[in-house]
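In listed order, ligands and their atoms are each counted from 1.
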Amino acid sequence: MSQHLFLPLVIFVISPIPEAFQDSDCGRPEPSARIMGGSDAQPGAWPWQVSLHQGGGHICGGSLIAPSWVLSAAHCFVSNGTLEQASEWSVLLGVHSQDGPLDGAHVRSVAAILVPDNYSKVELGADLALLRLTSPAKLSPTVRPICLPRASHRFAHGTACWATGWGDLQEDDPLPLPWVLQEVELRLLGEAACQCLYSRPGPFNLTFQLLPGMLCAGYPEGRRDTCQGDSGGPLVCKEGGRWFQAGITSFGFGCGRRNRPGVFTAVGPYETWIREQVMGLEPGPAFPSQPQESQTGTWESREENCTIALPECGKAPRPGVWPWEAQVIMPGSRPCHGTLVSESWVLAPASCFLDSITSDNPPRDLDAWRVLLPSRTRSERVSRFVPHENATWDDASDLALLQLRAPVNLSAAPRAVCLPYPEHYFLPGSRCRLALWGRGEHALGPSAQLEAELLGGWWCHCLYGHQGASVPPPGHPPHRLCPYYQEEEEAGRCWNDSRWSLMCLEEGTWFLAGIGDFSSGCLRPRAFSPVQTHSPWISHVTRGAYLEDQLAWDWGSEGEETETQTCPPHTEHGACGLRPEAAQKGTLWPWLAEVHVAGDRVCTGILVAPGWVLVATHCVLRLGSTTVPNIEVYLGRAGASPLPQGHQVSRLVISIRLPRHLGLGPPLALLELSSRVEPSPSALPICLHPGGVPPGASCWVLGWKDPQDRVPVATIVSILTPRLCHCLYQGILPPGTLCVLYAEGQEDRCEVTSAPPLLCQTEGGSWVLMGMAVRGSQELFAAIGPEEAWISQTVAEAHFLPPSGSPYWPPAGSDLCPPDMAGASGSPQAAALILLLLTPLIQD
Ligand code: 4AZ
């Protein structure tokens, strides 16, 4: 539907008198002279094929069935339930290429368009139309009518027939100039065989009920089909030396998709309707009787059993052994890792080949390039290099296609990876793998397996998106993909110069889902740009890449209303410490967990990673007790104002981890949850503070007013300088203890038995955990910093901010306390007030 043709009308000669026309003239092209997966037709090979124009461009196909009659599809002429004006349409006859001189071609206007009364929309059948021409066509070797089948005519299943047209070559890929008529051989599918294919959920999770008067043609494996713009055109089958029109191109689910053959309007069942419409206007169409020898075909045959095609791409013998792994070798540089997407094409980052960002000239020394593919003894040569047009300035388009000189056989290895269609939605929780991509170095050594699990859209979208951005709802393709994986990070290195591709598994089939995004820098999880947006370009260039429908659809109840989510304030520190807008109903402290210990005791816990909660040891473990209590963790609870059910999560604790402290009882414990918590505005991990006090931060003790109703209360505090702290609690403090000072009257807003945490909000806006309350104290907190090594080793995903501010811990033995204050009598509060007059607080 995308071509526009402006015709010089003067070249056409109108022939006023119909030529003699008989039955025997139909369906016989005189000289023996896309559609998807087809090829250029020979001029004159399909002399009944016409092009229907509206507004100067090709819209639909049609077939000449009598000098004054054209058969086409109703949906070409009906929009919003109304039939279009005949005068808007013109019929081009005898056309081969719609671009050059139209030798022997001529045009006719349309006097009337007739559509069956019971036509409403394509899926409900009766998708046919008759066009009466204002004057008869001029019959010639390139303009001849097709024979029509009678109602009793039976086309045998499996018959090879031909569809023709000027429609798209693939979904959203119009036929290029010079617009030469395309032909494709399609096999007739029996009703049961077709219904069986369409009864299995396919694209968009849809199934379809085939109706009487429809027929299917194509192949279970797809790849050859009619497409947009072919509608109304004929499907013809040769019997007894003449061509009969078995079908009218009507619709389908996409084009050339697996298990989705084209659906045609069967012509035979409409014999009576057609005869009625043309009655009285001679000569009418020819309905020759079916040749004897063709009546013996199979129509209720063994073939009718259901032959479903399986994906031809994305099969790996085992994860990590990728039959589509391709390495491009160029003299003088490291190999570039890419992936095989078809028999003849390799996809790789364009940046491997474009020498620098300043020179975007494609390289010229293709002769020297070689491609290594699995199980091939010799390397392949390269004949073409096609970079993506945005490759040099858009990271997400850093792609190039390399054509191999000779196609390879894809029966075992090498094999092609599957590519997702643009509407693909990879389910959160999908199993994925990271594979080498481009010239990236393998950070983990060549044997490492990077297993990954796809995280939900919210997290990824907001981590890399901006505050207030709306999150694509489940089922909608995301802007970015974030896989969760274990990465051994060396201190100070985040391997942001190594690149990966992301492959995800659906029903045993691997898809190339994303390509590593440089823009994620050191943020974790890394972001990947979805490949699905580039699939149309890849299939346009390669004409053979394996696009495959989504194979897994279950993302929960669809009927459930989903509020549009918007992104909370952003942090530059990775996937921690984000706090949703206070306005969002309910949850204000998304990392605050209720830790229910063995029934009724409740402690405060803090989510430090999607599967881990940090608590004060004394709160979950009783001294002297050797049994590990039964612990349950609740997130997304906001005390008296409960959130909708969907926002609350609970997990059992499967292990308690303690640091190995010699002598002293460890102040902090890590609880491992039975499964990860999907990050959401009501359950987010916090960042951890490595030491010192963040400059300019505001700090809070977060707890409950009372352990029964557990309404979160946050009390602002000042963290005292180490000197003040040391002087006030001289001799009684374990190393790494933080002291705080409450504003007057605020000191007992939180109850202490639940061991509340001490948090700060940094100048950058992200929230960090400083410490957890020491047993029985309101002012003393066991700091996180000194436990950094243990926490990081136990929980790879826990995120410590880079060190900042002044170191908190004073050198051992410093003794600078004012003489009167050492071991001050009276309350710490009173003592601190005196000291405050002498020493500024750190945060001031
Ligand atoms: C169309 O839109 C159309 N693959 C025609 C045929 C098919 C799909 C779409 C069948 O005109």
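- Of the polar atoms of Asp225, at least one N or O is found under 3.5 Å from an N or O of ligand 1, judged by distance alone.
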Worked check of side chain to side chain donor-acceptor pair (under 3.5 Å) between Thr134 and Ser109: CA-CA 6 Å; Thr134 48; Ser109 19; 3.3 Å; yes
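- A distance of 6.0 Å or more separates the ring centres of His53 and Trp89.
- An N or O contact shorter than 3.5 Å is missing between Asp230 and ligand 1 by distance.
- Counting heavy atoms under 4.0 Å from ligand 1, residue Thr226 touches it through both backbone and side chain.
- The shortest N or O to N or O distance between Gly254 and ligand 1 is under 3.5 Å.
- Checked against the 6.0 Å centroid criterion, the rings of Tyr425 and His476 do not qualify as a close aromatic pair.
- For ligand 1, the atoms sitting less than 4.0 Å from at least one non-hydrogen atom of Gly252 are 7 (C), 8 (C), 10 (C), numbered in the order shown with element in parentheses.
- For Phe287 and His153, the gap between ring centers reaches or exceeds 6.0 Å.
- For Phe208 and Phe251, the gap between ring centers is short of 6.0 Å.
- Contact between Gly229 and ligand 1 is present, with at least one heavy atom of the residue lying under 4.0 Å from the ligand.
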